[in-house]
Amino acid sequence: MPDPVRVRFAPSPTGYLHVGGARTALFNYLYARKTGGVFVLRIEDTDRERSTDESTRTILDGMTWLGLAWDEGPVHQADGLARHRADAGRLLAEGKAYRCFCTPEALAAKREALKNEYRYDRSCYAISPAESDRRAAAGEPFTVRFRVPEGTTAWDDVVHGVTTFDNASIEDFIILRTAGTPIYNLAVVSDDVDMRITHVVRGDDHIANTPKQILLYQALGAPVPTFAHLPMILGPDGKKLSKRHGATAVGDYAGMGILPEALFNFLALLGWNPGDEREVMGPAELVEAFSLERINKKAAVFDTEKLLWMNGQYLARKSAQELLPLVGPELVAEGLVSPADVEAPPPWLLALVDLLKVRARSTLEIAPQARALLGETVAYDESAVAKQWRDPATAERLLAVREALAVVEPWTPEAIEPVLRDVAERLGVGLGKVAQPLRVALTGSAASPGIDQVLWLMGRQKALGRIDAAVALIASSGAAQENR
RNA sequence: GCCGCUAUCGUCUAGGGGACUAGGACGCCGCCCUCUCACGGCGGAAACCGGGGUUCGAAUCCCCGUAGCGGUACCA
């Protein structure tokens, strides 16, 4: 029986939860769920200068919003300081690491002199243990460097296959700072060993760190975990996704009206696919289909257009009842509906949301559409007016519609629809000739939900008022033209 | 510079020697549905980075080149 799977997501709290980080967290989450394993969250805050609590908060919020529930943690890497030091001490005692007394200035000078040829020259490795102990005891500052052994280091990456590094290309890297705090590679290995992590699933920008870490596992006498390096996420220009590409933080997408399940689904498909042609897949379905083996090697461009499409798919599938908490506050703020309506939505409100959700790609698009129907004023779209009211018979047709609508009973879409058809028939024109000018009169726009639905939601009084306003507008502009 | 990774439509991708006339999705175009828009349906344009091998046969395997990306810190 294989060891139970234990994976981790280990962000450094120096900013927001980036979509790249979110995707890494997502894959760890999916793998843990798929295998019945444990998903640990670890905050890598050994760099105290750059780490902030606010950042940690934001990352946790982002993960929660996305639905990435962790099983253990968050554990703070800084809490493992004593263990990190002890591990470095052990390596030192066993001769697998050594003290380096070179000052940062001296190192910088050598680097400057040799430029690209530079690699740490191991000068301090020549210092005898006794001498090293004496200088340390005398209070001379030092870092601890790992002594990279001869040979080659390789691993069978789940994503990339066998990957090999010549140890000669790796310098004796520092594992403990002058301050006695651990450098990333030591802290990560020490923690992953301590947490009994079985699979390290992370971005492939860590590939170059992997041989160093494997060397550390071996020196520490710990089992080496399985590695899976995920491809990067790029911006539209093919460069690493960054702030200048616009939205990169998970929170940005929440603010753009993206549903968490849509981003969850979209991110899962960036660098992975189920092997068949399914695309719109919920969390449970993704967990079921997930496997590390199907992860791609190639970096993927983050395509906002496709995200928006996917969001539209989720929007359309959600019930009005589920959507109301998301769009309700905005509708109330606009004064379109009352808080009580949102609390206990009447049928018309649910119908409104159902009508608008299929037309929207983001939740942000719903309120403006609702305003066109329920708002106090009409914003006429110039080109819609020009096109749909151009026919000289427009005013006459609107009046005919008005007359019929004034007596429709009951005021329901089912009752309204045949009445409009009847008007069109009596006028000897297609329904479009009546509905389109009417649509512009009611909404100011040439595009809207079905005209019968629009009339119903708007209410008879408001609808008749807008028809009157439109007729008056047409009359005045007609008069203006005749006066020319 | 050195080390490493990667390379199929504009984008996300299927493909792991013959099933490829290279499939799907987003976007784009056209048609249908239709009171408009959206949804949905149907159809179209659109790709194997280049060159050598291996093989009866390469998108698939190997090598070289090219390009992109990552790393090269007392950051993570």
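Numbers restart at 1 for each chain; the letters A, B, ... are given by sequence-line order, proteins then strands. Just so you know, these numbers come straight off a predicted model, no measurement behind them.
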With a non-hydrogen cut-off below 4.0 angstrom, is A:F165 in contact with a base, only sugar-phosphate, or nothing? sugar-phosphate
Quiz item: cation-pi between A:R294 and A:F290, 6.0 Å / 45°: no
Please list each protein N or O that sits under 3.5 Å from an N or O in nucleotides 72-76 of chain B, with the distance.
unit_1: B:rC74; atom_1: O2; unit_2: A:T178; atom_2: N; d: 2.9
unit_1: B:rC74; atom_1: O2; unit_2: A:T178; atom_2: OG1; d: 3.1
unit_1: B:rC74; atom_1: N3; unit_2: A:T178; atom_2: OG1; d: 2.4
unit_1: B:rC74; atom_1: N4; unit_2: A:C102; atom_2: O; d: 3.4
unit_1: B:rC75; atom_1: OP1; unit_2: A:R177; atom_2: NE; d: 3.3
unit_1: B:rC75; atom_1: OP2; unit_2: A:R177; atom_2: NE; d: 2.3
unit_1: B:rC75; atom_1: OP2; unit_2: A:R177; atom_2: NH2; d: 2.8
unit_1: B:rC75; atom_1: O3'; unit_2: A:R177; atom_2: NH2; d: 3.1
unit_1: B:rC75; atom_1: O2'; unit_2: A:D47; atom_2: OD2; d: 2.7
unit_1: B:rC75; atom_1: O2'; unit_2: A:R50; atom_2: NH2; d: 2.7
unit_1: B:rC75; atom_1: O2; unit_2: A:R50; atom_2: NH2; d: 3.2
unit_1: B:rA76; atom_1: OP1; unit_2: A:T46; atom_2: OG1; d: 3.0
unit_1: B:rA76; atom_1: OP1; unit_2: A:R177; atom_2: NH2; d: 2.5
unit_1: B:rA76; atom_1: OP2; unit_2: A:Y184; atom_2: N; d: 2.9
unit_1: B:rA76; atom_1: O3'; unit_2: A:E44; atom_2: OE1; d: 3.3
unit_1: B:rA76; atom_1: O2'; unit_2: A:S12; atom_2: OG; d: 3.2
unit_1: B:rA76; atom_1: N6; unit_2: A:N209; atom_2: OD1; d: 3.1
unit_1: B:rA76; atom_1: N6; unit_2: A:N209; atom_2: ND2; d: 3.0
unit_1: B:rA76; atom_1: N1; unit_2: A:N209; atom_2: ND2; d: 3.2

Across all strands shown, which nucleotide pairs with B:rA67 by Watson-Crick or G-U wobble geometry, both distances under 3.5 Å? B:rU6
Classify the nucleic acid contact of A:D452 as base, sugar-phosphate or nothing, counting any heavy atom under 4.0 Å across all strands shown. base
Please write out the pairs of protein N or O atoms and N or O atoms of nucleotides 21-23 of chain B separated by less than 3.5 Å, giving the distance to one decimal.
unit_1: B:rG23; atom_1: O2'; unit_2: A:E277; atom_2: OE2; d: 3.4

Please determine if A:E140 and A:R99 form a salt bridge, counting it only when a charged side-chain N lies under 4.0 Å from a carboxylate O. no
Touch class at under 4.0 angstrom, heavy-atom based, for A:P449 against every strand present: base
So A:R42, base contact, sugar-phosphate only, or nothing? Heavy-atom distance under 4.0 Å. nothing
Nucleotide N/O of nucleotides 5-7 of chain B paired with protein N/O under 3.5 Å:
unit_1: B:rC5; atom_1: O3'; unit_2: A:H160; atom_2: ND1; d: 3.0
unit_1: B:rU6; atom_1: OP1; unit_2: A:H160; atom_2: ND1; d: 3.2

Identify whether any heavy atom of A:A447 sits under 4.0 Å from a base atom; if not, whether one sits that close to sugar-phosphate; answer base, sugar-phosphate or nothing. base
Over all strands shown, is A:I451 touching base, sugar-phosphate only, or nothing at heavy-atom distances under 4.0 angstrom? base
